[in-house]
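Order of the sequence lines sets the chain letters (A, B, ...), proteins ahead of strands, with each chain counted from 1. None of these values were measured; they are calculated from a predicted model.
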Amino acid sequence: MDYQFKEIEQKWQKHWAQNQTFKAEQDSSKPKFYVLDMFPYPSGAGLHVGHPLGYIASDVFSRYKRLKGFNVLHPMGYDSFGLPAEQYAIQTGQHPALTTETNINTYRKQLDQIGFSFDWNREVRTSDPAYYKWTQWVFMQLFNSWYNLETDRAEDITSLIEKFNAAGSADVKAVCDEEVASFLPSDWAVMSAEQKQEELLKYRLTYLRESTVNWCPALGTVLANDEVKDGYSERGGHPVEQKKMMQWSMRISAYAERLLQGLNTIDWPEPVKEMQRNWIGKSVGASVRFKIEGADAAVLGTDYIEVFTTRVDTIFGVSYLVLAPEHELVAALTTPGQEVAINNYITQTKKKSELDRMADTKTVSGAFTGSYVINPVNGECVQLWIADYVLAGYGTGAVMGVPSGDQRDWLFARHFDLPVVQILDAQKDIELQADATKEGKYLNSGFINGLRYAEATQTLNTWLEERGAGKAKINYRMRDAIFGRQRYWGEPIPVYFKDGLPYLIKEEELPLLLPEIDKYLPTETGEPPLGRAEDWSYEDQYDYELSTMPGWAGSSWYWYRYMDANNGTAFASKEAIQYWKDVDLYIGGAEHATGHLLYSRFWNKFLKDLGYVQEEEPFKKLINQGMIQGRSNFVYRVVDADGKGTNTLVSYGLRKEYKTSALHVDVNIVENEILNIEKFKLFRPEFEQAEFILENGKYICGVEVEKMSKSKFNVVNPDILIENYGADTLRMYEMFLGPIEQSKPWNTNGIEGVFKFLRKFWRLFHNEAWVFHVEDGVPSKAELKALHKIIKKVQDDIERFSFNTSVSSFMIAVNELTELKCKNRQVLEDLVVVLSSYAPHICEELWSLLGHKAGSLSFVSYPEFKPEYMVEDEFSYPISVNGKTRLNLSLSLALEPSAIEQAVLSNEDVQKYLEGKTPKKVIVVKGRIVNLVI
RNA sequence: GCCCGGAUGGCGAAAUUGGUAAACGUUGCGGUCUCAGAAGCCGUUGGAGUACAAUCCUUGAGAGUUCGAGUCUCUCUUCGGGCACCA
């Protein structure tokens, strides 16, 4: 029988499912290997050819690791809470759970067709109450924890209470809110329960606080920083504004340093690490206090302004100080004479959107408050300004202006005619621009004159600290993550309110189920959708929290659930976590760099602090698969003088001769840019009578690379390819396309080549009459060489994630063996094993035809590479003369190293070049002559 | 502006530590088989050159190191990604 891929693939997919071939068990006799894909959000559109790319790569890797004797965990699930299902619910009234269920079924059907070796017993869905029970549980642990800087880890809140009982707040070194009360144990003892709760909330790792948030009116919810791009929501692209709201937050800032340091221990793509480093944004510097001239602490609440700087060494060059317009002291420090100017400036700033403010970096603007501050190092009195180039949200919202060392400060000083003071002898041309050098020695700088950068910084930090005027400080750009969303389709937060304070429900009351509501919109009073739920209160009297958790909550720990997916008493058993530990290989898109991948590391570190998990980092090795873009085709419709489309279409090469407009055309009716006109008429009936202006008898279409989307008619559906060529061809072709990490447009053109290869491979095992035919016996040298070349190559390629080169090598190997008319059982059997990771269905079929037990192929040993089979009697010996002319000599293998040199020099061709002379220089690399210089 | 990553035939690409650039696939062209098509098989497909060959040139541009550079160093061009009044 010819290669009947449809029957073969259905047969083996059924076999794997029925026999649960890929069910993973804890088995300590084998080393474990955990291969994870980023689980998908099941969208209604189903899979296009780009989606499975990463899944195929991880499946090839998983199957390969099984052959190598590893106990492989390779699960799959769905990140099934999210906005699209909810938006759909708003439009249609259909419950998001139903939409989600339908979409998941579509996904599963499509995934199954590709022949993945997932262990579906471990499937998870983040919207399943049995799953989100544990997401809520993690939330509770966070609420019950604080970050102790002394032990540098999260601890149970009871250890904080003990500290308060014993010594008040004095001993406590914690990551907490800025305004925490300082109190004695006796103060603590007399506090009411409510006061205590209020105080503790400032320390909890998840907390409720009034904070400035990104509010998206169109979506009716707040968004985390990573969900906002350039002032617009990442999902939907709606405008986002700043707003003050009571919000749940996660104290991820407590882990800033550990998240940063951990990056050095994991094998991730450098760009992703770099993005996380940027996001965390560590800057080492100092905070310095500038006394306010003539300030009364009793009236103002303070008598100094604190600034953060990374260049404390430039402090003698300070010629002014700037506050952010939103700084809380601005109003109090504005003198009556400046009030109008300052208020105008603030109004002006407010009008500018966040976007404008970021985009407009050239205009210098600001206003003088009328107040002065005193430079602590030299007692100099400098002006206090406000300007919108200073951001309220970073550092202290106040900056010292050093025009000679910072270009922005320089521009500001020039614009408002403030002094520019040189502070380093190495600074050049400071009349023209700032010079941020750290070279040279200080001048005009009081007690650091003559010192160099490192020394000066040290001296200043000590000097300032001794006088209580400042100290060395590390600042992080990363803010705490906003955790609440005013949406329906997410995990309910397991909290109720009593006297305005939040309390956790009891652990045994989990999961707190998402209540049913009539409409998926905010209430008339502006409360989140959960406000519509009737009879939904805690102990029939207390209100539940109405926000739900953000999309990243469920995905921040899911890899642990796979370890023990059906556990009802813990998120995963201790034994399972101990055995599977962490993810060895994680494959997914780079778009999650500062979202999912950062939050996951955060929760993982937290769970480790509490002793629930083993490893500090969850994902040892990360691969970012590239995006597959669409490749759109166009036809060109001739446009008449009025700009109206006519009924004439012109081929790509001739379109310049007419006025045309381009129309998308379905890529599935175009082959090698040649339009199938008959199919086109069916696709666009309005052009049934159209005239086609052809070139060389063909209609050529235009091409452009765009995002794959239905509206652009450039979506290639894997189902159709599987129908025409089979899953094995699709799998191999996707791997063949190019390096896994590279983004590229999809082009179905080359798929024939892979299909031909699989047919050739099938033919190797059959005679002319398509009867299965292999021969026992001893393989020839040439056969063994071809086989062992591919054994080695595939092994090396997979280990370095170079899947595309493996596919090429398979083609070469099969061509060689076809040439050799190889029918040898031993050779062909090994070949089946080697190929089975890429094309599992056809290999299973051949494996069983070879007389092996069905399904055993996935767990046999990968053939051992034997270098001795690679050796030939003669070897080809390239040599260059004068680094230019190349000679290819053929030498006997039997030669000793010393004899090789003799053989080379006495070779006829070499002699021709030498013309009787001895070479001036003989260059030997790894014991071989590679070049002769004459 | 700053930080990463790229640039190799018509196209996708290969070249793992510096050692015969373009493997493998595709497209195009020619042939074979066939009533015909599909499928298969064979040849050819970077450029110059020639009757055939020999030979020379070619990895975005320019320089450098080296016997030898797609690979290493510097400068530039350009494309992609990230960050961006971050003090």
Centroid-centroid distance, [X] to [Y], less than 6.0 Å:
| X | Y | answer |
| --- | --- | --- |
| A:W746 | A:Y733 | yes |
| A:F736 | A:F803 | no |
| A:F412 | A:Y320 | yes |

### Query
Which glycosidic conformation, syn or anti, is assigned to B:G31 if syn requires a torsion within 90° of zero?
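It is anti.
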### Query
Mapping A:E270 and A:R759 to their closest nucleotides on RNA chain B, which lands nearer the 5' end?
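Looking at the nearest nucleotide for each, A:E270 comes out on the 5' side.
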### Task
Assign each of A:S283 and A:S802 to its nearest nucleotide of RNA chain B by heavy atoms, then name whichever residue's nucleotide is nearer the 5' end.
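This one resolves to A:S802.
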#### Entry: Row check, A:Y304 ring normal vs A:R289 NZ/CZ: under 6.0 Å, within 45°
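The answer is yes; both the distance and angle limits are met.
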So what does [X] touch, heavy atoms closer than 4.0 Å: a base, only the sugar-phosphate, or nothing?
| X | value |
| --- | --- |
| A:N804 | sugar-phosphate |
| A:P739 | sugar-phosphate |
| A:K273 | nothing |
| A:Q742 | sugar-phosphate |

Please tell me if [X] has a side-chain N or O lying less than 4.0 Å from either OP1 or OP2 of [N].
| X | N | answer |
| --- | --- | --- |
| A:Y394 | B:A87 | yes |
| A:N815 | B:G25 | yes |
| A:K792 | B:U16 | no |

